[in-house]
Amino acid sequence: MMFDWRWDFTWEILPRLISATANTLLAAGAGYGIAIVLGLVLALSQRTPYRLLTLVVREFVEFIRSTPLVLQIFFVFFVGPQIGIRLSPWTSGMIAIGLHYSAYLSEVYRGGLNSVPVGQWEACSALSLSTRKTYWRIIIPQALPACFAGMGNYLVGILKDTPMLSVIGVAELMHTANAIGSESYRFLEPYTLVGIIFLLVSLPTAGLVRISEMWVRRKLGVY
Amino acid sequence: MEDMSRYPLQLEGADVPMVSFKNVTKAYGSLTVLENLDLDIREGEMVSVIGPSGSGKTTVLRMLMLERIQQGVIYVNGKPITHMEKNGGLVPADDKYLRKAREPIGMCFQHFNLFPHMTALQNCMEGPVQVLGMSKRAARERSEDLLELVGMIDKKDQHPSRLSGGQQQRVAIARALAMRPKVMLFDEVTSALDPEVIGEVTNVIKKLVAEHNLTMLMVTHQMGFAKDISDRVCFFFGGKIEEQGPPEQLFDHPQKERTQQFLSAVKSAD
Ligand SMILES: Nc1ncnc2c1ncn2[C@@H]1O[C@H](COP(=O)(O)OP(=O)(O)OP(=O)(O)O)[C@@H](O)[C@H]1O
Ligand SMILES: [Mg+2]
């Protein structure tokens with residue numbers, strides 16, 4: 001039999017997969033939260049007058065971007081304990097995926113910040129606005145719309161990368177589907193369902209990103 | 001390092017200039033843009049700066065606002081703004097001192113540089129609230145008065161993207177004035193404007209000259225306007241003041257050959 005779909009089995013495993021979806025969303029949300037904040041820190045610290053800091057951060061970002069996420073996950077989880085840092089799968093996973101995406105988001109922010117015309121900086125300096133206020137009140141709000149497309153792509157990206165966390169035993173969707181498969185020797189239904197669930201989550205996410213971009217642009221009066 | 005002891009810690013006396021450049025040199029890398037500039041501007045004086053492209057006109061203004069200098073000292077109202085006092089001598093100012101020292105100076109730019117995500121009124125209130133620490137209410141009152149002065153009060157709730165160039169420039173002037181500057185800098189504020197709206201901006205500047213005791217330094221390509229309203233005109237050439245004097249003298253009886261060449265080139269271009 002090539003294609004043997006069992007509906008009773010499908011209904012039986014659906015609740016388990018749905019509750020695992022919550023974990024997937026939680027992992028993606030928390031990882032993204034870390035990445036958004038840390039990415040901004042990485043982007044801003046490359047704009048300080050301290051050359052050495054800029055250089056170190058730049059190299060760090062390059063390093064993160066040119067090594068695989070799965071390696072970084074293993075690294076935090078397995079190498080951590082050897083140097084005395086013992087973290088749960090969840091914590092290690094969030095650190096690794098947050099760090100990984102913060103490197104990518106920092107590049108998005110960097111592009112956005114650079115897209116703000118130099119005249120805006122000059123106007124701030126002519127008003128004697130402090131550096132902090134210049135960033136928060138003038139530069140970042142204008143950089144944001146230019147960052148939105150990139151930020152949205154990486155939100156979908158981080159969602160699709162959460163299955164990597166299954167390698168260290170985070171009970172997200174993929175991990176749960178694998179577990180069902182090895183218990184029942186049936187893989188068709190769990191993997192198909194996982195695919196459908198990812199589709200159902202990603203599509204509206206992309207739409208929501210577009211809507212919120214338009215909303216922010218309108219709110220800021222920049223088009 | 002330059003010997004700073006030749007510069008006074010403060011300018012004192014009966015008629016201290018509002019702005020005083022003392023032996024100022026500015027370079028970008030190996031390119032010296034201004035050399036040993038000495039220029040004093042009296043309180044309430046309107047000084048125009050003219051000259052060929054690349055002669056350093058913008059740089060003169062930028063040194064008062066945005067740039068560090070390689071040599072010399074700039075004083076505003078008798079106090080050094082490029083340097084601060086330390087152990088009885090002058091040392092290059094740090095960022096915090098610079099920002100404070102430059103507070104009495106306002107600047108308007110060729111491309112307006114309004115904040116696009118704020119309305120005209122919010123643009124004007126930004127400095128008073130965020131820098132001077134004024135209450136929103138007081139800042140709003142002050143800003144509305146200034147928008148009234150520049151004739152932009154009916155557009156106060158519009159974002160810059162909805163305003164014409166001339167209107168944006170008038171808001172930009174109001175925004176600078178909201179900081180109650182003692183010195184105003186204008187860098188080719190009409191150059192990016194359509195000919196038919198230049199008048200609305202020059203009229204505002206004329207009004208400031210007539211009714212307010214502001215010290216102004218204005219870079220312009222509009223010779224007629226400069227002649228009309230300036231107390232003094234400085235012709236820049238190659239990073240130096242080639243010639244300066246009252247407008248009638250400089251425009252009608254220029255002494256130096258380069259000034260004559262420049263003025264006749266400008267006249268034939270018009
Ligand atoms: N940030 C900078 N870095 C390097 N060189 C600069 C910079 N700003 C200005 N210059 C150079 O300094 C010289 C003087 O420039 P400045 O802008 O003061 O000229 P200007 O008289 O205002 O000319 P224009 O009429 O074209 O505005 C020019 O040769 C210019 O190329
Ligand atoms: Mg210029």
Side-chain angles (χ1 to χ4, degrees), chain A residues 40 43-54 108-109 111-151 210-223, chain B residues 58 61-62 64-67 81 94-120 122-133 157-163 168 171-173 175-179 181 183-187 192:
Chain A
L40 188 60
L44 291 179
S45 52
Q46 289 177 61
R47 301 176 65 98
T48 61
Y50 311 108
R51 288 279 179 78
L52 187 67
L53 179 66
T54 305
V108 171
Y109 293 139
L113 291 171
N114 287 339
S115 76
V116 178
V118 56
Q120 293 293 307
W121 293 92
E122 295 180 347
C124 292
S125 141
L127 289 179
S128 302
L129 219 53
S130 69
T131 308
R132 196 171 54 85
K133 285 184 171 168
T134 297
Y135 270 108
W136 281 113
R137 301 192 50 84
I138 310 299
I139 304 299
I140 291 178
Q142 290 182 66
L144 217 51
C147 295
F148 251 98
M151 289 172 76
R210 255 194 299 280
I211 290 171
S212 49
E213 173 179 1
M214 281 189 303
W215 183 79
V216 168
R217 278 183 196 271
R218 190 149 354 111
K219 195 91 183 137
L220 295 177
V222 284
Y223 301 96
Chain B
T58 295
L61 304 193
R62 291 178 65 93
L64 284 168
M65 251 359 297
L66 313 156
E67 303 273 351
I81 63 161
D94 59 26
D95 280 344
K96 202 170 160 214
Y97 180 92
L98 270 178
R99 199 171 289 127
K100 194 78 196 153
R102 285 168 173 178
E103 253 176 45
I105 312 172
M107 181 160 183
C108 294
F109 305 86
Q110 183 174 355
H111 296 288
F112 334 126
N113 303 350
L114 289 177
F115 305 133
H117 56 303
M118 299 181 179
T119 63
Q122 288 167 338
N123 264 278
C124 295
M125 289 169 60
E126 185 67 11
V129 172
Q130 300 299 332
V131 179
L132 305 180
D157 294 322
Q158 300 284 357
H159 281 87
S161 56
R162 307 288 291 277
L163 302 175
Q168 288 188 56
V171 173
I173 292 173
R175 176 176 71 176
L177 291 174
M179 294 292 284
V183 182
M184 276 288 278
L185 310 175
F186 297 98
D187 189 9

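Naming: A, B, ... by sequence-line order, numbering from 1 per chain. Model, not experiment: these values are computed from the prediction.
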Say you draw a straight line from OG of A:Ser125 to CG of B:Asp95; how long is it, rounded to the nearest 0.5 Å?
10.0 Å
Non-hydrogen atoms of chain A under 4.5 Å away: do they reach the side chain of B:Arg62, the backbone, both or neither?
side chain
For A:Thr131 and B:Arg99, test the side chains for any donor-to-acceptor distance below 3.5 angstrom and give the result as yes or no.
yes
Contacts of type ring-ring contact (aromatic ring centres under 6.0 Å, His included), residue A:Trp136, not counting sequence neighbours:
none
Identify which part of B:Phe115 has an atom lying under 4.5 Å from any heavy atom of chain A, answering side chain, backbone, both or neither.
both
Distance from B:Met65 atom CE to A:Ser128 atom OG, nearest 0.5 Å?
5.5 Å
For B:Asn113 and A:Ala123, work out which heavy atoms get closest and say how close.
O-CB, 3.4 Å
Ignoring hydrogens, what is the shortest heavy-atom contact between B:Gln130 and A:Leu129? Give both atom names and the distance.
CB-CD1, 3.7 Å
Would you call B:Glu126-A:Lys133 a salt bridge at under 4.0 Å N-O?
no
For B:Leu114, which atoms come within 4.5 Å of any heavy atom of chain A: side chain, backbone, both, or neither?
backbone
Between B:Met179 and chain A, with a heavy-atom cut-off of 4.5 Å, which part of the residue counts as in contact: side chain, backbone, both or neither?
side chain
Report yes if the side chains of B:His117 and A:Ile138 come closer than 4.5 Å at any heavy-atom pair, otherwise no.
yes
Using a 3.5 Å distance criterion without hydrogens, assess whether the side chain of B:Glu103 forms a donor-acceptor pair with backbone atoms of A:Leu127.
no
Going by heavy atoms in the side chains, are B:Met107 and A:Glu122 under 4.5 Å from each other?
no
